Amino acid sequence: MSPAGAAAQNAAVAQPETADTVIFEGGKPLVGEVSVRGAKNLVTKAMVAALLADTPSTLKGVPAISDVAVVRGLLEAHAVTVTEDVDGELVLDPRGVKSAHFAEIDAHAGSSRIPILFCGPLLHQLGEAFIPDLGGCRIGDRPINFHLDALRAFGAELEKSYEGIRLKAPQRLVGAKVDLPYPSVGATEQVLLTAVRAKGVTELTNAAIEPEIIDLIAILQKMGAIIVVEPNRTIVIEGVESLQGYDHRAIADRNEAASWAAAALATRGDIYVRGAKQQDLMTFLNVYRKVGGLFDIDDEGIRFRHPGGAINPVVIETDVHPGFMTDWQQPMVVALTQAEGRSIVHETVYENRFGFTDALVQMGANIEVYKEGIASITRRVPRRPLEQAAVITGPTPLHGANIRVPDLRGGFSHVIAAVTAQGRSEVSNIGIISRGYEHLLQKLDGLGVSFELGA
Ligand code: EPU
C-alpha cells in the first residue's frame, strides 16, 4: 500500500461512524483476523429484559453498534441508568424507571424495531407503554400483528392514534395461550418478556427457537423466571411476581461471523473469525462446505477460507432456526456470483430481501430475481405466499461501480461485492451498516482492504 493510501485508510478508520460514502479499491483477497462480540439480535433484547428487574443487570460482550445506542437511548428516556465503565460491559439500573413522553420515545426509536419489545416490561413496571411507528430494515412489510394479538391475550388494552399505539394494563397481566401463525423471532420474544411476570401460566406454541432466543431464556432464568422449552416449538412460562437483575455474557454474533465467512469465500481470502461458535452456525457450515469453502474450528473461533480453484453452486432455502437464516443469504449471494454454475436462493422469511442484488448486477453479476418465488418438488421449506427466489449464474467477474447501501445485511453484501470487484467502487449510505456491524472499517483495514472516505 502506498503511504498516501495508508494515510487515507487511517483517516477512514479513525472516524468510521461519520463516513457515509467510502471508496473501495477491490480485487484483493481478504486475509487476517476479525473478532465478533455479542449478537445484535440478543444484546438489544437483553437490554430490554433488564427493565423487568428490581435490581441492576450487567450485560457483557456488547458491541459498539448503533442499534445498541438506540435501545440505550430508549431505556434512558424511561429513566433507566445505563453505564459502560468497561468497554462492552453495560450496567443497566431500572430502579428509577418512569414513563417517557411519546415525542421522546419517537425521537430515540430511530430506525429500530426494538421499541415494540418494551411493551410487556413497561406494562408490568408502569401499567402503560407507548410504541411509535416502527422502523427497521426495509425488507418487507414487517407487520406487528402477532405482537399486538399476544399483548391483547395477556390483557393489555391498545389504543391506536396517529402518533403510534398506546397500551394500558389496568390490572396485572395474566398468562395466556398464544399460538403464533409463524415462528416469529420478535413475537416469541414479546411473549417471553411479557409472560415472565404475568399472573399464571403462558403456553406459547409455534415459537421461534433461534439461539438468540434460547440465550434470552437463559437470561430470564438467571433473573428468576420459570421457562420450559418443550419439543415442537412449545414454550411454557410460569409467571413470577418479581425478577432480579442478571449478569450475562451475550451469545456471539453468528450473523456477523457468517458475513465474514462469505467475504472470505467471495474474495478468495482467508479469515479467522475469533468468537465464531460452531454450534450456532451448523446449518451455515454445511452450506459453506457444499459450496467448497474450507473451515477449521478451534476453541476460540473458526477460520474460513477459499479452497483455491473453482467453488460450487448450491440451492439454499432460508428458514427459521434450525434452517438457513435469512440474514446469511445476502453475503452468500455475493460468494455465489463466483461459483461455477447456477445457484438458487429461495427467500421464505421476508418478501423483499433481494433488493441488494440490483447493485451486484450493476457490477457484472448474473442474477435473476423471481418475485413470485420458484416452485420445486425438491423444496423442503413450505412455500409462503410472499416468498421470492434469486437465480445466480456464475462465475462472473465483478467490476467496480457506484452503489448505494439499501439495508443492513444488503449493505454488508455491497461492501463484500466492492472489495471482490476489480477496480474502484463508491459505496454510499454506508452508515446503516453500523446498526449491526461494529468497527467495520477498522476490520476491513485489518484484512488488507484499500479504501478512503468519500465526500
Ligand atoms: N411477521 C408477521 N407479523 C408479526 C411479526 C412477524 O407477519 O407481527 C412476519 C414477518 O413479516 C416475517 C416473519 O414473520 O415475514 C418473520 O419475522 P420475525 O418476527 O421473525 O422477524 P423480526 O423479529 O422482526 C428478527 C431479526 C431479523 C431477522 C429475523 C429472522 C431482530 C432485531 N431482527 O426480526 O434480523 O432477520 O428475526 O430471523 O432480532 C437483521 O439482523 O438484519 C435482521 C433483519
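Because the structure is predicted, anything quoted here is derived from the model rather than measured.
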With a 4.5 Å cut-off on side-chain heavy atoms, are K443 and W260 touching?
yes

State whether the side chain of E387 and the backbone N or O of H346 hold a donor-acceptor pair below 3.5 Å, judged by distance alone.
no

Are the charged groups of R303 and D298 less than 4.0 angstrom apart, N to O?
no

Short question: side chain of Q329, backbone of I316 - any donor-acceptor pair under 3.5 Å?
no

SB check R305 D296 (cutoff 4.0 Å):
yes

Do T194 and C119 have side chains that get closer than 4.5 Å, going by heavy atoms?
no

Please check if the side chain of S57 supplies one atom and the backbone of Y246 the other of a donor-acceptor pair under 3.5 Å.
yes

Could you walk me through whether Q338 and H306 satisfy the side-chain contact (heavy atoms from CB on, under 4.5 Å) test, starting with their C-alpha distance in whole Å, then the side-chain angles of each, then the deciding distance to 0.1 Å, before giving a yes or no?
CA-CA 11 Å; Q338 305 308 305; H306 191 281; over 6 Å; no

Would you find a donor on one side and an acceptor on the other, under 3.5 Å apart, between the side chain of R342 and the backbone of V391?
no

Are any of the side-chain heavy atoms of T267 and V449 separated by less than 4.5 Å?
no

Taking R353 for the side chain and T348 for the main chain, is one N or O donor matched with an acceptor at less than 3.5 Å?
no

side-chain contact (heavy atoms from CB on, under 4.5 Å) for H78 and I105? Distances and angles first, verdict last.
CA-CA 9 Å; H78 289 89; I105 299 175; 3.8 Å; yes

